[in-house]
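Let me begin by presenting the structure, written as C-alpha cells, before commenting on it.
Letters A, B, ... are given to chains in the order of the sequence lines, protein chains preceding strands, and every chain is numbered from 1.
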Amino acid sequence: MSHTLIIASRELRERSRIFLVAAAMAVLPFFMIAIPAARENRPEMIAMLAGFLAVALSLGVAIALGGSTIAGELAAKRLSFYFSKPVSPAAIWFGKAIAALLTSFVSFAIIILPSMLYVGNRWSSTWDGPQLLVWFALAVVVLFLVAHAMATMVRSHSGLIGIDFLLAAGAVAVILAILKPLFFGAGVEIAIRLLGIIGIIVVAILFAAPVWQLAQGRTDLRRSHAALSRALWIPLAVVLLVAGGYVAWLMRVEPDDLTIINHLQQGQRNAVFLSGAAAGTGRGHYGASFIVDTASGHFARVYATKWWGAQFSKDGRVVAWLQPTSMLKPMQHFELVTRRVDDLNAPAVATGIRLQWSSFALSDDGSRVAVITGGTVAVHDLAANRILASAGIPSGAYGRSMYFATPDVVRIAETDTSSRLKLFELDTRARTLTKTGEIDAPTTRYPGLRISPDGTRLFLAASGILADAHTGATLATLPVTTKIAFATAVLRDGSIAIIKDSRVHVFAANGTPVRQIALPTRRGWISGEVDGGKLIVLGLDASNDEGSGSGRRMFVIDVARGVVERTMNDLKGPVPDWSDLSTPQFRANQQLAAVNAERKLVLWNPSTGAVTAFPSPR
Amino acid sequence: MTAIRAANVTIRYGKRTAIDDVSLEVAQGSVYALLGRNGAGKSSLVRAMTGQLRADRGSVAILGQDVWRKRAALMEKVGVVAEEPDAPPEMRVAEVAAFSARLYSRWRQNAFDDRIARFGIRGDAKIGELSKGQKKQVTLALALATSPELLILDDPTLGLDVVARKALFEEVIAHMADFGITVFITTHDLSSVEAVADRVGILRDGKLVLDEETEVLKSRFRRIRFASQPVALGTANLIAATVRQWGSGTEAVISNYDDLAFERFRDSAQIQTADVSPMSLEEIFIAVAGEQGA
C-alpha cells in the first residue's frame with residue numbers, strides 16, 4: 001500500500017468520531033414524525049431536513065479539517081511526526097487531503113442514505129439529482145482547500161499575510177479586468193468558459209500547492225506559509241497572464257478577421273457599423289464590433305451587444321449603440337454610447353443613459369437622443385448632457401417605435417393587442433406628450449412599420465396602410481402586404497416599394513400601383529435607397545452559409561425605369577437593421593460595404609458595379 | 001565514513017540567526033553530544049540534520065547524502081527522537097507502532113514491544129494520556145524499532161526520571177554504540193553523556209565554539225586555584241577560559257593545560273600554593289558556555 005493510503009487510512013481512523021456524529025444526525029429527521037405540523041408532508045420534510053443536515057455537516061467538516069489538518073499540526077509542532085518518517089511531502093498532503101475529503105463525503109452519505117431509502121422516489125422531487133451533487137462535491141473540495149490555505153496564512157502570524165490579501169484582491173481585480181471586455185464585448189460564452197477554466201486551474205493550484213508548501217516549508221510554519229504563497233501566486237500569475245494574453249489576442253481581432261458577420265450597417269457617410277465573430281480561428285464566437293471608415297479602412301473597436309445593431313443619424317455623422325454595463329447580466333443592462341464618425345480620432349462617448357433594450361432614437365444630426373425606459377420617454381441633449389423633456393407614457397403597450405419628426409418633436413408609434421396603433425408626440429419645447437392620432441389596423445401587433453425619409457408619413461407593411469404620421473389619417477391602403485418591414489420602403493419621392501413573390505411592387509405616393517419589377521429572387525430585403533431613385537436589395541436566396549456572401553446577391557433596381565439594373569453575385573451588404581425605421585439613404589456613387597464569398601469585406605459601387613478590396617488601414 | 005557532515009550551516013528566523021556558520025562531522029559508529037544552553041540553536045541544528053528545516057546557507061549530509069533532498073529515503077535509516085513528542089495525542093501506542101510498521105521496511109515489532117514493556121507502558125494507552133517522559137520513551141522505542149543506522153536524539157532525557165535517564169544512557173546509547181550505530185544527541189544531562197560521548201560540541205549563540213574528542217577536551221581543561229592573586233597566566237602561554245575571585249585567592253579555568261608548562265610558570269612566578277584539578281564535562285560546559293547571560 002502506498003504511503004499516501006497508509007496516511008489516509010490513519011487519518012480516517014482518527015476522524016471516526018465524526019462518523020458517529022453523522023450517524024446521530026441521520027436519525028434526527030425521523031423525529032419529525034413527532035411534530036404534528038410535519039405529518040402531512042412527512043417524506044418531503046425528512047428529505048429536506050436530511051439534506052440540510054448532510055450539507056451543513058459536510059461543509060462544516062470540510063472547513064474545519066481544511067483549517068486544521070496541516071496548519072493546525074504545524075502550529076502545534078506535530079507535523080514532524082510525519083517528517084521524521086520515510087514519507088514524501090506529496091504522500092503527507094494527499095493522504096491527509098483524501099482522508100479529510102472522504103470524511104466529509106462519507107458523513108454526507110451517512111446522513112442522507114437512511115432518509116433516501118425511507119423516502120424513495122420522493123427524494124428526487126425534493127433534491128434535484130446529480131447536478132446538485134456535483135456542485136456540493138465541488139463546494140466541499142473548494143472549501144477544504146481554501147480553508148487550508150487561509151489557515152496556513154493566518155496561523156503563521158507572518159507579515160506575508162498582508163501581501164497575500166493584497167495579491168488575492170489583485171487577482172480578483174485582474175480576473176474581472178480580463179473578463180470585463182468579454183462580457184461587454186458580447187463574448188459572454190467565452191467569458192463563462194474562461195472563468196470556468198480559470199476556476200478549475202485555481203482549484204488545481206490549490207490542490208497541488210500544499211505539496212510544494214510541505215516540500216519547502218516542512219515543519220516550519222512561517223516557511224511553510226512562504227512556500228505556499230509562492231506556490232499559489234506564481235502559478236496563478238502565470239495563468240492570469242496567459243488568460244490575459246488570450247483575451248488580448250481575442251480583442252485584437254480586426255474587421256478583416258471576421259468570418260461571421262452579424263451586422264453590416266452603413267450610414268450616409270463612409271462609416272460602417274460592423275459586428276461579427278472570427279469563428280474558426282480559435283476565437284470561438286467572441287463578438288467583435290467596429291466602426292469602420294470605408295475610405296481609409298481605419299477602424300475603431302467598440303463594445304456593443306451583438307443582439308442589436310447600431311443607429312446612424314440621418315446625416316451620417318453620429319452612430320450610437322448599446323454597450324453592456326453589467327457583468328452579471330450583460331444581455332440586460334446597457335449604456336448608450338455614441339461616436340462621431342466624421343472624425344476618425346473622436347472617442348466613443350458614454351452618455352450615462354441606461355437602457356434594458358434597444359429603445360432609443362437618434363435625432364437627424366445626432367445631437368439628441370430619445371429613449372424609453374420603463375413608463376417614461378425622455379429626450380436628452382447629448383452635448384449638454386441634460387434632459388430636455390420627459391413624460392410618462394401610458395402602460396400596456398406591446399411595442400413602441402419612435403423617431404425625431406423634427407429636431408424638437410419625437411413621434412412615438414405604439415402598438416398593443418388591440419387593433420389600433422396610437423401616435424404620440426413629445427414636444428421638447430412645450431415639454432408635453434400629446435396623443436396626436438390613431439390608426440385602425442387589423443395587425444397592429446406586428447405592423448411592419450416604415451417611415452418616409454422626411455418623417456411625415458408612415459406605412460404599415462402588414463396591413464398595407466399608408467397614413468399621415470401626425471394624425472394617423474389613412475392616405476391609402478395598398479393591395480400588397482407583407483409581414484417583413486425590410487421588404488418595404490417609402491422612398492424619397494413618396495412612392496412605396498414592396499418586395500413580394502419575386503417582384504418589386506411600386507406604388508405612387510397616393511397609393512396608385514405604378515409598376516411591378518420582376519426580381520430574380522423570391523424574397524429580398526431593401527438595404528437602402530441611392531440618390532436617383534435606385535433601390536439596393538439584398539436577395540435572400542437559400543444559402544448554406546449565413547455568415548458570408550456566398551450564395552447571396554445584391555440587386556440595384558432602377559425604380560423609375562422598372563428594371564434590375566445590376567446583379568452582384570456572392571455579395572451581402574449593407575444589411576438593414578431592425579433599428580432602421582426608415583430605409584437607409586445612400587449618396588450616388590457611394591461605395592457600399594459588403595462581405596463576399598470568401599468572407600472578406602469588400603466595397604462595391606452600385607452605379608458601376610465595381611468591386612474593390614476593403615482598404616487596409618496600414 | 002562520516003555519518004553526519006554539516007558544512008557552514010546558517011539558519012535564520014527572520015532577522016535572528018539561530019545557527020551561524022556551523023560545520024561539524026560525526027564519524028560513523030561514534031556518539032556525538034551537542035551541548036548548549038537553552039536557545040543556543042541545538043534543536044534548529046537537529047531539525048536541519050533531519051531534513052525538516054532547510055539551512056539558509058550551507059548543507060547537511062547524512063550517511064553521505066544531502067538530507068534536504070533525500071530526507072524521505074534517509075529517514076528509513078535514521079531514528080529520530082524530537083525534543084517535543086509529536087505523535088498524535090488521539091492515537092494509541094499500539095496504533096502508532098502499527099502505523100510505523102507499515103512505513104519502515106526494517107521494522108522490528110518485537111524490539112518495540114519489549115522496550116515498551118520494559119518502560120511499563122501499555123499498548124492501548126493513548127499518547128495524549130501519557131506523561132512527557134513516557135511519550136519520550138514511546139518515541140525512543142519507535143526510533144529504535146526501525147533498526148536505524150543513525151539515531152538522532154534531541155534532548156531525550158527531558159521529562160525522564162533519574163532511573164529512566166540512567167537506563168537511556170547505559171542501556172540504549174551505550175548499546176547502540178556497541179553495535180556500531182551512530183548516535184547524535186543533544187542534552188542537558190552532562191554527567192550522563194560524559195560517559196558515552198566520543199565527541200562533544202558546544203553551541204553558544206548559534207556558533208559552534210567547541211568541537212572535540214571528549215578525552216582530549218577533558219585533558220586540556222583544568223581548574224587552578226591560587227592562594228594569592230596570580231600573575232599573568234599569559235606569560236606561560238596558558239589560556240584562561242575564566243578567571244574569578246575565589247576566597248582571598250583566584251580561580252582560573254585553563255583551556256590548554258599542560259603539566260610541564262604550568263610547572264615552569266609556577267617556578268618562574270614563585271607560586272607556593274596552586275591546586276590543580278581535572279574538570280568534569282559539566283564544569284567545562286559551564287566555563288565555555290555558561291559565562292554569558294548566566
Side-chain angles (χ1 to χ4, degrees), chain A residues 1-18 20 68-70 72-93 95-96 99 156-160 211-227 230, chain B residues 11-14 18 43-44 46-56 67-92 95-96 98-107 126-128 135 138-139 142-143 146 148 151-154:
Chain A
M1 196 192 293
S2 79
H3 289 168
T4 302
L5 296 181
I6 293 171
I7 291 170
S9 68
R10 193 208 78 69
E11 295 273 330
L12 263 179
R13 201 168 297 129
E14 196 172 304
R15 316 273 181 240
S16 55
R17 277 188 190 169
I18 296 173
L20 293 176
S68 64
T69 201
I70 292 286
E73 289 185 24
L74 274 170
K77 297 185 175 175
R78 285 211 309 270
L79 208 57
S80 55
F81 175 69
Y82 287 105
F83 275 103
S84 60
K85 294 177 171 52
V87 291
S88 68
I92 296 171
W93 165 247
K96 282 175 167 284
S156 82
H157 301 296
S158 157
L160 262 182
V211 176
W212 179 261
Q213 172 194 353
L214 293 183
Q216 297 301 309
R218 301 201 182 171
T219 58
D220 186 289
L221 184 50
R222 289 200 169 194
R223 290 177 189 222
S224 200
H225 175 184
R230 279 197 299 276
Chain B
I11 297 170
R12 294 191 192 91
Y13 299 106
S43 290
S44 292
V46 166
R47 288 171 69 199
M49 286 178 175
T50 53
Q52 295 182 26
L53 185 66
R54 187 176 205 166
D56 293 290
V67 73
W68 179 256
R69 291 183 187 169
K70 305 285 184 183
R71 180 198 57 82
L74 281 169
M75 288 303 112
E76 178 80 27
K77 301 172 185 172
V78 180
V80 180
V81 176
E83 183 183 20
E84 291 292 329
D86 52 13
E90 290 300 310
M91 285 183 91
R92 295 180 191 281
E95 288 173 347
V96 180
F99 174 67
S100 299
R102 295 157 82 184
L103 298 175
Y104 290 94
S105 59
R106 298 186 296 180
W107 176 262
K126 282 189 175 178
I127 296 292
K135 287 176 191 169
V138 171
T139 314
L142 288 168
T146 62
L151 194 59
I152 296 178
L153 310 170
D154 190 4

Mind checking whether [X] and [Y] have side chains closer than 4.5 Å, heavy atoms only?
{"X": "A:R223", "Y": "B:L53", "value": "yes"}
{"X": "B:F99", "Y": "A:R13", "value": "no"}
{"X": "A:D220", "Y": "B:Y13", "value": "yes"}
{"X": "B:Y104", "Y": "A:K85", "value": "yes"}
{"X": "B:D86", "Y": "A:K77", "value": "no"}
{"X": "A:R10", "Y": "B:R102", "value": "no"}

Greater than 12 external heavy atoms within 6.0 Å of [X]'s [atom1]:
{"X": "B:R106", "atom1": "CZ", "result": "yes"}
{"X": "B:K126", "atom1": "NZ", "result": "yes"}
{"X": "B:W68", "atom1": "CH2", "result": "yes"}

* Per-residue contact mode, B:V67 against chain A (heavy atom under 4.5 angstrom) -> backbone
* Please state whether the side chain, the backbone, both or neither of B:E84 comes within less than 4.5 Å of a heavy atom of chain A. => neither
Structural part of [X] lying under 4.5 Å from a heavy atom of chain B:
{"X": "A:A215", "result": "backbone"}
{"X": "A:E73", "result": "neither"}
{"X": "A:I7", "result": "both"}

Identify the heavy atoms of [X] and [Y] that sit nearest to each other, and give their distance.
{"X": "A:R78", "Y": "B:P88", "result": "NE-CA, 4.2 Å"}
{"X": "A:F83", "Y": "B:M75", "result": "O-CG, 3.8 Å"}
{"X": "A:S84", "Y": "B:V80", "result": "CB-CB, 4.0 Å"}

* B:A82, B:G79, B:S105, B:A87: which one forms the most heavy-atom pairs within less than 4.5 Å of chain A? -> B:A87
* To do: Report yes or no: does B:R71 contribute a side-chain atom to a donor-acceptor pair with the main-chain N or O of A:P86 at less than 3.5 Å?
  =>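 Not confirmed, B:R71 side chain does not pair with A:P86 backbone.
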